[in-house]
Amino acid sequence: SMYHADGFPELYRLSNLDANGNPDGKHPDKGTLYWHTDGSWRRITGQATIIYGEIVPARGGETHFADMYGAYERLSDDWKRRIAGMRAVHNLDFSRTRRHGTDLMTEAQKRDAPPVEHPIVRRHPETGRTCLYLGDHAESIVGMAYDEGRALIEELNALAIQPNLTYEHRWRPHELIVWDNRCVQHRATEYDPTTERRVVRRCTVLGEEPVGIDGKP
C-alpha cells in the first residue's frame, strides 16, 4: 500500500517529506481533511485509532474530534424516527475519488475494499450507548434513490458536527493520541505542504462489525 511504514503493514505513516527530509509540496492524504471514522469502509471497522505526531507543523495540521453520542442525542425525535432502521453503504473508492481526483484506486485495491453496509444508528458494543455512524466514506442509503440518499447523508453529516461537542487538538512534537473510533469522528486541518513538515504515524486497532439499535449488524 502507498501508506505503510517499512515492514509493518499495521503502521501507517503520513509524511510530506522527500528523501532529503524537505517538504515535497504534496499533501499525503486529502481524504483526512473531511470528517470521517477510520475503516468504516470495511465490514470489521476500526475500534481505536492511535496517532503519534513525529514532526508537526507550526501552523495547521491539527486534528479535530467530534462526539457522535452527542450528535445522535441532539437529533430531533423526527430525525431519530426517520433513520431508526436505516443502513448506509460505505465505500472507500467513492470517498477517495471524490476527495483526491488523482491517485485513484487500482482495480485490485477496489476488489480488496468492496462497498459495505452499516447501520446509521449504532449501538456501542461496550457502553451500550447509541451513536450516529456515518462520515465521509458513507456513499448512499440502502433502499433509497442515490441522489436522495446522498442529500440525506450530507444533511446528517452536517448536523453531526456540533461546535461545543468538538475538540480541536493542536499538536506538539512526540504526542500520542488514542481515541474510540466507534463513537468519535475526526479530521485533519490544512497546512502548507510546501513550507511545513508533517510526519505522523497511525495505527488502527480493528474492532467488530457495527451493530444497530436492533442488535443486528
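Going from atom CZ of Arg99 over to atom NE2 of His137 covers 10.5 Å, rounded to the nearest 0.5 Å. In this structure, CE on Met105 lies 8.0 Å from OG1 on Thr97, to the nearest 0.5 angstrom. To the nearest 0.5 angstrom, Leu92 atom CG is 9.0 Å from Ser40 atom OG. Distance check, rounded to the nearest 0.5 Å: NE2 of His90 to CH2 of Trp41 gives 12.5 Å. Taking CD of Glu155 as the start and CG of Asn157 as the end, the distance is 10.5 Å to the nearest 0.5 Å. Atom CG in Leu159 sits 8.5 Å away from atom CG in Leu132 (nearest 0.5 Å).
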> Arg172 and Val56: side-chain contact (heavy atoms from CB on, under 4.5 Å), yes or no, with the steps?
Replying inline: CA-CA 7 Å; Arg172 289 175 305 210; Val56 299; 5.6 Å; no
>> Checking Tyr69 against His124 for the side-chain contact (heavy atoms from CB on, under 4.5 Å) test, could you report, in this order, the C-alpha distance in whole Å, the side-chain angles of both residues, the deciding distance, and whether it holds?
In response: CA-CA 9 Å; Tyr69 290 140; His124 193 288; 3.3 Å; yes
> Where do Glu107 and Gln109 land on the side-chain contact (heavy atoms from CB on, under 4.5 Å) test, with the steps shown first?
Replying inline: CA-CA 5 Å; Glu107 290 308 313; Gln109 285 172 326; over 6 Å; no
>> For Arg81 and Asp77: C-alpha separation, side-chain torsions, deciding distance, then whether side-chain contact (heavy atoms from CB on, under 4.5 Å) applies.
In response: CA-CA 6 Å; Arg81 273 195 296 275; Asp77 290 341; 3.9 Å; yes
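Checked by atom type and distance alone, the side chain of His118 pairs as donor or acceptor with a backbone atom of Arg42 at under 3.5 Å. Put simply, the side chain of Thr189 gets close to the backbone of Gly61: a donor and an acceptor are under 3.5 Å apart. Checked by atom type and distance alone, the side chain of Asp24 never pairs as donor or acceptor with a backbone atom of Asp18 at under 3.5 Å. Judged by distance alone, the side chain of Thr32 and the main-chain N or O of Ala188 form no donor-acceptor pair under 3.5 Å. Without hydrogens or angle criteria, Arg202 side chain to Ile51 main chain gives no donor-acceptor distance under 3.5 Å. Between the side chain of Ser95 and the backbone N or O of Ala138 there is no donor-acceptor pair closer than 3.5 Å. The main-chain N or O of Thr106 is never found under 3.5 Å from a side-chain atom of Arg111 such that the two would form a donor-acceptor pair. Of the possible polar contacts, one joining the Asn16 side chain to the Arg198 backbone as a donor-acceptor pair under 3.5 Å is found. Listed for the Lys80 side chain is a donor-acceptor partner under 3.5 Å among the backbone atoms of Glu73. Using modelled atom types, no side-chain atom of Asn20 and backbone atom of Asn22 make a donor-acceptor pair closer than 3.5 Å.
Tyr133 is not connected to Leu75 by any chain of hydrophobic side-chain contacts under 4.5 Å among Ile, Leu, Val, Met, Phe, Trp and Tyr, and they are in different clusters. Trp179 and Leu134 are not part of a single hydrophobic cluster, where members link through side-chain heavy atoms under 4.5 Å apart. Val211 and Ile83 are assigned to two separate hydrophobic clusters, defined by single-linkage of ILVMFWY side chains at heavy-atom distances under 4.5 Å. In terms of hydrophobic clustering, with Ile, Leu, Val, Met, Phe, Trp and Tyr side chains grouped at heavy-atom distances under 4.5 Å, Phe94 and Trp35 are assigned to different clusters. Linking ILVMFWY residues whenever their side-chain heavy atoms come closer than 4.5 Å, directly or via other members, leaves Leu156 and Val184 in distinct clusters.
With Tyr52 as the aromatic partner, Arg201 does not meet the cation-pi criteria of under 6.0 angstrom to the ring centre and within 45 degrees of the ring axis.
Across Glu208, Glu209, Glu117, a single residue satisfies salt bridge (Lys or Arg N to Asp or Glu O under 4.0 Å) together with Arg43, and that is Glu209.
Residues Ile153 and Ile120 have side chains not in contact (no heavy-atom distance under 4.5 Å, counting atoms from C-beta outward). Considering only heavy atoms from C-beta on, Tyr191 comes within 4.5 Å of Glu196 through its side chain. Between Phe65 and Thr166, every side-chain heavy-atom pair lies at or beyond the 4.5 Å cut-off. When side chains are defined from C-beta on, Glu54 does not count as touching Val200, because their heavy atoms never get closer than 4.5 Å. Two residues are said to be in side-chain contact when any heavy atoms from C-beta on lie closer than 4.5 Å; Pro193 and Pro23 fail this criterion. Using a 4.5 Å cut-off on side-chain heavy atoms (C-beta onward), Val116 and Thr45 make no contact. The side-chain heavy atoms of Glu139 and Arg98, taken from C-beta on, include no pair separated by under 4.5 Å. Inter-residue side-chain proximity for Met68 and Arg182 is flagged as unmet; no heavy-atom pair is nearer than 4.5 Å.
Nearest heavy-atom pair across Leu206 and Ile44 is CD2-O, 3.7 Å. Looking at every heavy atom in both residues, Asp192 comes nearest to Thr194 through OD1-OG1, 2.5 Å. Residues Pro217 and Pro119 share a closest heavy-atom pair of C-CD, 4.4 Å. Contact between Met86 and Met144 at its shortest, heavy atoms only, is CE-CE, 3.4 Å. Across all non-hydrogen atoms, the minimal contact from Tyr72 to Val121 is CE1-CG1, 3.7 Å. Residue Ala58 comes nearest to Arg170 through the heavy atom pair O-NH2, 2.6 Å, listed as atom of the first residue, atom of the second, then distance.
A donor and an acceptor atom, one from each side chain of His186 and Thr63, are nowhere located under 3.5 Å apart.
By the neighbour-count criterion of 12 heavy atoms within 6.0 Å, atom CZ of Arg74 is densely surrounded, having more than that number from other residues, nucleotides or ligands.
Ring orientation note: the planes of Trp171 and His169 are nearly perpendicular, at an angle over 60° on the 30°/60° scale.
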